[in-house]
Each structure stands twice: as structure tokens, then as C-alpha cells.
Amino acid sequence: VQAAPQQVAEDKFVFDLPDYENINHVVVFMLGTIPFPEGMGGSVYFCYPDQSGMAVWQLLGFVTNEKPSAIFKISGLKSGKGSQHPFGAMNLPQTPTVAQIGISVELLENLAQQTPVANAAVSSVDSFTEFTQKMLDNFYNFASSFAVTQAQMTPNPSEAFIPANVVLKWYENFQRRLTQNPLFWKT
């Protein structure tokens, strides 16, 4: 966690991102100690050196007091084209393995009109659904690996046994509900 940005202008801040080539996702979040001024938010930019060492800036998205955190996928952006940015001719550190995350404090109306670079935002529903599906499969396979027939059961008063068909029924119900509404568990 980097909580001390480098202030490069009154309304612009950067964080160095060492060894960025080995980073897939970046999480940007507010600490909750200092909110944005009323009507303001922060555009989030990713800056990396191109092959000639020039800074390439790409808009990832934004954070606001109402949306204080975001996850951005940067692994596929490293060969893309730059976009318009408010950081001027700032140069990156001379180290080719260091990128930067830039935060530009701007009016909320301006944030809503900006278009982030494609594939930067990570859909939390898709990631959550994928994780949940993998977790369900793993749990079912793990639990099924301990299945025994009634003839193989050895009485043991300290152990409880759950019929495999109960686990299968739960698994199928959970999958159905997840398909209908990936966020059903929140209600």
C-alpha cells in the first residue's frame, strides 16, 4: 500500500509503481481520512515508458467520495496507445521498470464525460461470479472425494455425516441462484 503520493501540481498526484511489468491489477482507494472537495473526484491514470522511454498516459477510470475504490487491470495496457491527460510533459523516472499511477482532482461533471481505455476496468460481477463458480466446483469436488457408501461407514459418535446428495442439491441451487443474480447473497 502506497499512502504517500508525490504532489506534482496543486490538484495532481502520482505514485511510483516499481516493477510494473509483473503487475496485473492495481487497486486505487481513498483512505477515508480526507475526502475530495464537494463536487470533485479523481481521474486515475496509468503511465508507463514506451520503447523509446517516452511517457504513455492512459485513463483507467476514477474514484469519488461515493465510489472510494476501484480495481483496474493494467496487464493488457502496456502496449496500447496513450490518451489525452492532464499531466503535461511530466517525465517518468529514468528506470524502465517504473511506471506511475496519476490522480488528477477534477469536477465530477468532467469525470462522467471521460472515456477510460478499453479493458482497464475489472468487472467485479464477472470476477466474483468466476471466483464463486471455481469455489463451488472446488468445494463439491473436495467434499465428494470423501464420499463413502453406507456399507463402508464406520460408526463414530464424534463425527457427523452429510449425505452426498444434500451437498449436490446445495451446489445446484447455489449455481442456479448465481446464474439468475450474481449478487443474490447481498439481499
Side-chain angles (χ1 to χ4, degrees), residues 1-135 182-183 185-187:
V1 173
Q2 294 185 23
Q6 175 186 354
Q7 188 169 1
V8 294
E10 184 179 340
D11 58 351
K12 292 176 186 38
F13 306 86
V14 293
F15 297 87
D16 285 344
L17 200 57
D19 199 27
Y20 76 96
E21 292 169 329
N22 293 317
I23 297 173
N24 291 322
H25 296 82
V26 173
V27 179
V28 177
F29 60 93
M30 296 175 61
L31 296 174
T33 54
I34 302 172
F36 284 112
E38 188 68 33
M40 305 293 276
S43 291
V44 179
Y45 289 86
F46 174 56
C47 178
Y48 62 95
D50 67 8
Q51 290 158 340
S52 65
M54 297 299 294
V56 177
W57 289 90
Q58 294 179 323
L59 176 65
L60 300 178
F62 61 89
V63 291
T64 64
N65 293 335
E66 291 73 35
K67 182 187 166 235
S69 66
I71 302 172
F72 302 107
K73 182 177 180 182
I74 63 169
S75 58
L77 305 179
K78 296 161 192 153
S79 61
K81 292 187 175 187
S83 61
Q84 200 170 18
H85 64 86
F87 290 90
M90 280 183 41
N91 287 328
L92 281 169
Q94 295 301 316
T95 312
T97 59
V98 175
Q100 291 180 320
I101 295 295
I103 309 291
S104 175
V105 180
E106 301 174 20
L107 292 170
L108 291 177
E109 302 93 57
N110 295 349
L111 296 180
Q113 295 174 14
Q114 296 174 347
T115 305
V117 66
N119 301 325
V122 177
S123 170
S124 59
V125 172
D126 291 343
S127 295
F128 173 76
T129 302
E130 183 180 350
F131 165 76
T132 304
Q133 185 63 50
K134 300 258 188 224
M135 181 194 64
L183 302 176
W185 53 274
K186 287 188 171 186
T187 58

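Count residues from 1 along the sequence. Side-chain atoms are counted along with the backbone in the values below, which use heavy atoms only and exclude waters and symmetry mates. As the structure is a computational prediction, the values presented were derived from the model and not from experiment.
Using a 4.5 Å cut-off on side-chain heavy atoms (C-beta onward), F72 and V44 make contact. The shortest distance between side-chain heavy atoms of L111 and S43 falls below 4.5 Å. Residues Y48 and E21 form no side-chain contact, since every pair of their non-hydrogen atoms from C-beta on lies 4.5 Å or further apart. Between F13 and V8 the shortest side-chain heavy-atom distance does not fall below 4.5 Å. Counting heavy atoms from C-beta on, the side chains of F15 and I103 come closer than 4.5 Å.
One side chain, E106 or Q114, offers a donor N or O that lies under 3.5 Å from an acceptor on the other.
Rounding to the nearest 0.5 Å gives a distance of 12.5 Å between CD1 of I101 and OH of Y45. Distance check, rounded to the nearest 0.5 Å: CE of M40 to CG of N110 gives 8.5 Å.
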Which is it for L17 and Q100 under the side-chain contact (heavy atoms from CB on, under 4.5 Å) test, yes or no, and what are the steps along the way?
CA-CA 5 Å; L17 200 57; Q100 291 180 320; 5.9 Å; no
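Between the side chain of N65 and the backbone N or O of F36 there is at least one donor-acceptor pair closer than 3.5 Å. When atom types are taken as modelled, the side chain of Q2 and the backbone of P5 share no donor-acceptor pair closer than 3.5 angstrom.
The shortest non-hydrogen separation linking I74 to V26 is CD1-CG2, 3.5 Å. For A99 against C47, the heavy-atom pair with the smallest separation is CB-O, 3.0 Å. Between M30 and P35, the shortest heavy-atom distance links the atoms CE-CA, 3.9 Å.
Environment of CG in L31: crowded, with over 12 heavy atoms of neighbouring residues, nucleotides or ligands closer than 6.0 Å. Counting non-hydrogen atoms of other residues, nucleotides and ligands closer than 6.0 Å to CD of E38 gives a total of 12 or fewer.
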